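For reference, the structure discussed in these notes is given below.
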Amino acid sequence: MANKERLGTIGIFLTALIWGYSFVAVKVVVKEIEPFYLVGLRNLVGGIFLSIVFFKRVKNITRKDILLCLPVGAALFLGFFLQTMSSKFITASKVAFFTGSYGIFIPFLAWIVYKKRPHAAAFVAAVITVLGLYLLTSFEGFGSIKSGDLFALFCAFVFAVHIMLIDKILEYVDGIIMAALQLIIAGIISLSIGMITSTPLNITSVSKEALYSLLYLAIGATGIAYLLQTVSQKYVNPNKAGIILNLESFLGALGGVIFMNDPITVNFVIGGACMIAAIFICEIGSNIK
């Protein structure tokens, strides 16, 4: 059992690592492919991949499953779209820090929905998050917030709503079925909007680097990462898994610095440290009974 837990822990860390590098991959792809097509292809291919792997489970999908998963897929689409849009305007590192703060919103959303007051750690984490956001925007603070910063912040909020929806709807839908369905729904929504609002996608004009990055996002960061997380969490304590997965934002920022030459400034380092500290404080606080 100890070996299984060790392998599960490695699997969870690899999931965080794969998701972390996805911020860099998005930054590469969004230069050449419109956000609607990027989000659509990423999710649709990932959803099809999961459906093939778990065909025995997914073949039992009912109309009820599809209807219940519609809001989950719609929230996933909006979260990924906002994340992709933010990548057009700000560095991969900043996107990673901003969107990684979604965990801060969850206790307060739960307070509104379930009337359950958050642990004191959530309030401390919220204050530290505000300080981190202030430092990450620029030396001028909130007065100089750019559109990319807002997209990333709204993205974090939407992902928090997405988590809340999953928590509620998992009572009625099999987890594997929901994982595949939400990706397919998000992909169909995004591609449909893209076909209506954007110029047609000319895949032959896309560079090899962007195509490889898109495949990484679709198969790696979406299909394989969800598969790894699903299998690994069977053997890892949920609290431990949550803390490891929270490394995603740090790993994403590190990837931006290494692969995209994102600038390292004093306020970037301190602001990023604040964001990571806030995520861990919130996670640890939520696990205190």
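These numbers come from a predicted model, not from an experiment. Values reported hereafter were calculated over all heavy atoms of this structure, with side chains retained and with hydrogens, waters and symmetry mates removed.
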Do Arg63 and Leu67 have side chains that get closer than 4.5 Å, going by heavy atoms? yes
Would you give the length of the straight line joining atom CG of Leu7 to atom CG of Leu14, rounded to the nearest 0.5 angstrom? 10.5 Å
In terms of hydrophobic clustering (I, L, V, M, F, W, Y; side-chain heavy atoms under 4.5 Å; direct or indirect links), are Ile169 and Leu109 co-clustered? yes
In terms of hydrophobic clusters joined by side-chain contacts under 4.5 Å, are Ile270 and Ile279 together? no
Under the criterion side-chain contact (heavy atoms from CB on, under 4.5 Å), I'd like the reasoning laid out for Leu70 against Ile185: C-alpha separation, chi angles, the key distance, then a yes or no. CA-CA 7 Å; Leu70 277 173; Ile185 290 168; 4.0 Å; yes
Over all atoms of both residues, closest heavy-atom pair of Tyr172 and Asp65: O-OD1, 4.3 Å
A quick test of your reading: do over 12 heavy atoms of other residues, nucleotides or ligands sit less than 6.0 Å from CZ of Phe154? no
Going by the angle between their ring planes, with limits at 30° and 60°, are Trp111 and Phe123 parallel, tilted or perpendicular? perpendicular
So how far is it from Gln229 CD to Ile224 CD1, rounded to the nearest 0.5 Å? 14.0 Å
To check you understand the geometry: which heavy-atom pair defines the closest contact between Asp149 and Lys94, and what is its length? OD1-NZ, 3.2 Å
For Ala186 versus Gly73, what's the shortest heavy-atom pair and its separation? CB-O, 3.4 Å
Surrounding CZ of Phe89 (heavy atoms of other residues, nucleotides or ligands, distance under 6.0 Å), is the total greater than 12? yes
Taking atom CG of Leu245 and atom CG of Leu251, what is their separation to the nearest 0.5 Å? 10.5 Å
What heavy-atom pair brings Ala126 and Ile104 nearest, and what distance separates the two atoms? CA-CG2, 3.9 Å
Those residues that, when tested against Arg57, pass salt bridge (charged side-chain N to carboxylate O under 4.0 Å, His left out) (two or more places apart): Asp174
Glu248 and Phe23, any side-chain heavy atoms less than 4.5 Å apart: yes
Taking all non-hydrogen atoms of both residues into account, name the closest pair between Leu214 and Val29 and its distance. N-CG2, 3.6 Å
Verify, without hydrogens or angle tests, whether Ser190 (side chain) and Gly187 (backbone) share a donor-acceptor contact under 3.5 angstrom. no
Is there side-chain contact between Asp167 and Tyr114, with heavy atoms separated by less than 4.5 Å? yes
Whether Tyr37 side chain and Gly194 backbone form a donor-acceptor pair below 3.5 Å: yes
Test item: Thr91 and Met260 side chains (from C-beta on) under 4.5 Å apart, heavy atoms: no
Is the gap between the ring centers of Phe81 and Phe36 under 6.0 Å? yes
Measuring from atom CG of Leu76 to atom NE2 of His162, what distance do you get when rounded to the nearest 0.5 angstrom? 4.5 Å
Are Phe108 and Ile128 linked, directly or through intermediate hydrophobic residues, by side-chain heavy-atom contacts shorter than 4.5 Å (ILVMFWY only)? no
Is any side-chain heavy atom of Thr222 closer than 4.5 Å to a side-chain heavy atom of Val45? no
Using only atom types and a distance under 3.5 Å, with no angle test, would you say the side chain of Ser87 pairs donor to acceptor with the backbone of Lys27? no
Testing Trp19, Phe105, Phe80 one by one against Phe159 for a ring pair (Phe, Tyr, Trp, His ring centres under 6.0 Å), which residue passes? Phe80
Could you walk me through whether Phe259 and Tyr21 pass the ring pair (Phe, Tyr, Trp, His ring centres under 6.0 Å) test, one step at a time? CA-CA 9 Å; Phe259 297 106; Tyr21 180 71; 5.3 Å; yes
Say you draw a straight line from CG of Leu217 to CG of Leu215; how long is it, rounded to the nearest 0.5 Å? 9.0 Å
Distance-only side-chain donor-acceptor flag, Glu34 / Thr199, under 3.5 Å: no
Determine whether Ser249 and Met275 make a side-chain contact, defined as any pair of heavy atoms from C-beta on separated by less than 4.5 Å. no
Evaluate Ser22 against Arg42 for side-chain contact (heavy atoms from CB on, under 4.5 Å), listing each step before the verdict. CA-CA 11 Å; Ser22 70; Arg42 170 183 185 172; 4.2 Å; yes
Are Phe98 and Leu133 side-chain neighbours, meaning at least one heavy-atom pair lies under 4.5 Å? yes
Check the hydrophobic clustering (I, L, V, M, F, W, Y; side-chain heavy atoms under 4.5 Å; chains of links allowed) and say if Leu50 and Val58 are grouped together. yes
Apply the test side-chain contact (heavy atoms from CB on, under 4.5 Å) to residues Glu32 and Leu211: give CA-CA distance (whole Å), side-chain angles for both, the deciding distance (0.1 Å), then the verdict. CA-CA 10 Å; Glu32 300 184 39; Leu211 281 177; over 6 Å; no
Does the side chain of Leu41 reach to within under 4.5 Å of the side chain of Leu201, using non-hydrogen atoms? yes
Under a 4.5 Å side-chain heavy-atom rule over Ile, Leu, Val, Met, Phe, Trp and Tyr, are Val127 and Leu131 clustered together? no
On a heavy-atom basis, the closest approach of Leu191 and Leu44 is CD1-CD2, 3.7 Å
How about Phe49 and Tyr226: are their ring centroids closer than 6.0 Å? no
I need the Leu68 CG to Ile177 CD1 distance, nearest 0.5 Å. 11.5 Å
Evaluate Ile193 against Phe77 for side-chain contact (heavy atoms from CB on, under 4.5 Å), listing each step before the verdict. CA-CA 11 Å; Ile193 297 174; Phe77 150 70; 3.7 Å; yes
